[in-house]
Amino acid sequence: MALASGVRFAERALLRPWALLRGTTLGRTEPAAGGGGDGARRFGSQRVLVEPDAASGVAVMKLRNPPVNALSLELLTELVISLEKLENDKTFRGVILTSDCPRVFCAGLDLTEICGRNPAHCAEYWKAMQELWLRTYLSSLVLVAAINGACPAGGCIIALSCDCRVLADNPKYRIGLNETLLGIIAPFWLKDTYVNTIGHRASEQALQLGSLFPPAEALQVGLVDQVVPEDQVQSTALSEMARWLAVPDHARQLTKNMMRKATADRLLRQRDADTQNFVSFVCRDSIQKSLQAYLEKLRQRKG
Ligand SMILES: CCCCCCCCCCCCC/C=C/C(=O)SCCNC(=O)CCNC(=O)[C@H](O)C(C)(C)COP(=O)(O)OP(=O)(O)OC[C@H]1O[C@@H](n2cnc3c(N)ncnc32)[C@H](O)[C@@H]1OP(=O)(O)O
């Protein structure tokens, strides 16, 4: 079949995630609350809850790594595996990605994974980050982010890797790439994703300033597609999903691939170098000090 040979090429180049899996409980299946048939059964892992609806071909994937859905190595691995499972099941055409943690969609990279860790651990962690981005960015499924909480840095990238973003209208739910404020730098593939979404000039400003946009500004700059009252985020995400699923899969998938492949290929061509850059950068004493200070500030700041 002609379908997305480029997507398949990219998928073949991706790591197998199983080796990363440590102490997770993937594959567990349990009846959804009030559910009966197969279409109502949910599955998932400790940190990712998947509620599949076979009738509509849409699954809701909830991040549940309290308190703030920081992207730990385990969460990254479980996300990759859950996504792969849905992609391999031809019943499913779309996924709504949302948070099971109150007030936070995803706090981004788990700073405890790169603070005071050895280079080998940082490298393993970064490879898992690359893997998740590649898989989501090139996913053949329609991905809609239902952003029901704060969405900084890596959380923003999760959202930007989706095809469409719906943000709850709450001034505390800010979204953007604030890396520079932590003294770190967004890698080129993250920058490319930003530019592809909001354009060069807006990215140049927002990346340097580490801007986190409140909902109205996020909508204005094009970081999100809709801002709706908090209690309408899920229903709006479902409506958006219906709009995207009204398009024939093969045409939509090939078009998505055409729009995104060059960006993903840039990372695929230099994954090892990107990992080495990341590791040598975050393992510098000065960067470790800034990250420690930021983490300490977060721990002291309550509310
Ligand atoms: C499926 C598709 C996926 C695609 C994915 C691709 C991924 C590719 C990613 C590539 C990313 C590369 C670059 C990324 C860089 C980063 O992400 S750096 C991290 C930046 N994050 C932040 O700056 C957010 C920091 N946190 C906050 O601002 C707030 O915590 C919050 C999110 C706004 C929530 O506030 P609140 O509800 O008030 O909670 P707090 O009290 O602040 O925090 C609770 C505890 O959680 C700890 N914590 C918070 N954030 C982090 C974190 N990022 N890492 C580790 N720990 C964190 C915080 O210290 C508190 O801890 P305790 O005091 O011990 O309870």
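This is a predicted model, so every value here is computed, not measured. First listed ligand is number 1; within each ligand, the first listed atom is number 1.
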Worksheet item: Cluster question for you: counting only ILVMFWY and a side-chain heavy-atom cut-off of under 4.5 Å, with indirect links fine, are Trp133 and Phe278 together?
Response: yes
Discussion item. When you compare the side chains of Ser139 and Glu87, does any donor N or O come within less than 3.5 Å of an acceptor on the partner?
Written reply: yes
Worksheet item: Only one of Leu97, Val144, Thr98 clears side chain to side chain contact (heavy atoms under 4.5 Å, CB included) with Val60; which?
Response: Thr98
Practice prompt. For the pair Asp249 and Arg93, evaluate side chain to side chain contact (heavy atoms under 4.5 Å, CB included) and give the outcome as yes or no after the intermediate values.
Written response: CA-CA 8 Å; Asp249 278 341; Arg93 300 174 61 215; 2.9 Å; yes
Worksheet entry | Ala107-ligand 1 polar pair, N/O distance under 3.5 Å | yes
Fill in: Pro67 touching ligand 1 at heavy-atom level, < 4.0 angstrom
yes
Practice prompt. Decide whether the shortest distance between a heavy atom of Met61 and an atom of ligand 1 is less than 4.0 Å.
Written response: no
Worksheet item: For atom 10 (C) of ligand 1, which of Arg103, Met129, Gln300 has the closest heavy atom?
Response: Met129
Discussion item. Show me which atoms of ligand 1 lie under 4.0 Å from any heavy atom of Asp110.
Written reply: 54 (N), 55 (C)
Worksheet item: Which ligand 1 atoms does Trp133 reach within 4.0 Å, using its non-hydrogen atoms?
Response: 6 (C)
Discussion item. For Leu97, which part has a heavy atom under 4.0 Å from ligand 1: side chain, backbone, both, or neither?
Written reply: side chain
Discussion item. I'd like to know if Ile114 and Ile158 are part of one continuous hydrophobic network [Ile/Leu/Val/Met/Phe/Trp/Tyr, side-chain heavy atoms within less than 4.5 Å].
Written reply: yes
Discussion item. Are any of the N/O atoms on Glu179, whether in the backbone or the side chain, positioned under 3.5 angstrom from an N/O atom of ligand 1?
Written reply: no
Worksheet item: So is Pro187 polar-close to ligand 1, meaning N/O to N/O under 3.5 Å?
Response: no
Response to the item:
Counting from 1 in the order shown, the ligand 1 atoms closer than 4.0 Å to a non-hydrogen atom of Gly154 are 14 (C), 16 (C), 17 (O)
Fill in: Proximity to ligand 1 by part of Leu181, non-hydrogen separation under 4.0 Å
neither
Fill in: Check against side chain to side chain contact (heavy atoms under 4.5 Å, CB included), Val48 and Ile81
CA-CA 10 Å; Val48 180; Ile81 292 171; over 6 Å; no
Worksheet entry | Shared hydrophobic cluster for Leu219 and Leu160 (ILVMFWY, side-chain gaps under 4.5 Å) | yes
Practice prompt. Select the closest option to atom 43 (O) of ligand 1 among Leu190, Val68, Val48, judged by heavy-atom distance.
Written response: Val68
Discussion item. Side chains of Thr180 and Gln208: any donor to acceptor distance under 3.5 Å?
Written reply: no
Item to complete: Would you check whether Leu111 has a nitrogen or oxygen atom less than 3.5 angstrom from a nitrogen or oxygen atom of ligand 1?
Response: yes
Worksheet item: So, do Trp189 and Trp126 have ring centers that fall under 6.0 Å from each other?
Response: yes
Worksheet item: Taking distance alone, with no angle check, do Leu109 and ligand 1 share an N/O pair under 3.5 Å?
Response: yes
Worksheet, complete the sentence: The answer for which part of Leu143 has a heavy atom under 4.0 Å from ligand 1 is neither
Discussion item. I'd like to check which ligand 1 atoms, numbered from 1 as shown, lie under 4.0 Å from a non-hydrogen atom of Gly108.
Written reply: 17 (O)
Discussion item. I need the atoms of ligand 1 closer than 4.0 Å to a non-hydrogen atom of Arg299, numbered in the order shown.
Written reply: 59 (O), 63 (O)
Worksheet item: Could you state the interatomic distance from CD (Glu240) to CG (Leu245), rounded to the nearest 0.5 Å?
Response: 11.0 Å
Response to the item:
Per-atom filter on ligand 1: closer than 4.0 angstrom to a heavy atom of Thr136 are 1 (C), 2 (C), 3 (C), 4 (C)
Worksheet entry | Contacting atoms of ligand 1, where contact means under 4.0 angstrom from a heavy atom of Pro152 | 24 (C)
Worksheet entry | Pair Glu131 + Arg135: basic N to acidic O under 4.0 Å | yes
Item to complete: Tell me yes or no: between the side chains of Asn148 and Glu230, is some donor less than 3.5 Å from an acceptor?
Response: no
Discussion item. Tell me whether Lys62 is salt-bridged to Glu51, with the criterion being a basic N under 4.0 Å from an acidic carboxylate O.
Written reply: yes
Discussion item. Under 4.0 Å, heavy-atom basis, I'd like to know which part of Leu76 is in contact with ligand 1: side chain, backbone, both or neither.
Written reply: neither
Practice prompt. Report yes or no: does Trp126 have a heavy atom closer than 4.0 Å to ligand 1?
Written response: yes
Discussion item. On a heavy-atom basis, I'd like to know which of Asn178, Ile157, Val80, Ile184 is closest to atom 6 (C) of ligand 1.
Written reply: Ile157
Worksheet item: Does ligand 1 have an atom that lies less than 4.0 angstrom from a heavy atom of Tyr294?
Response: yes
Worksheet item: Quick one: does ligand 1 sit under 4.0 Å from the side chain of Arg135, the backbone, both or neither, non-hydrogen atoms only?
Response: neither
Worksheet item: How long is the span from the CG atom in Leu111 to the CG atom in Leu182, to the nearest 0.5 Å?
Response: 6.0 Å
Worksheet, complete the sentence: With heavy atoms and a 4.0 Å threshold, my read on which part of Ile158 contacts ligand 1 is both
Discussion item. Below 3.5 Å, N or O to N or O, backbone or side chain included: is there any such pair between Arg301 and ligand 1?
Written reply: yes
Worksheet item: Where does Val104 meet ligand 1, judged by heavy-atom distances below 4.0 Å: at the side chain, the backbone, both, or neither?
Response: side chain
Worksheet entry | Cationic N near anionic O, under 4.0 Å, Glu124 to Lys127 | no
Worksheet item: Checking side chain to side chain contact (heavy atoms under 4.5 Å, CB included) for the pair Asp274/Leu267: CA distance, chi angles, key distance, verdict?
Response: CA-CA 8 Å; Asp274 182 63; Leu267 176 59; 3.7 Å; yes
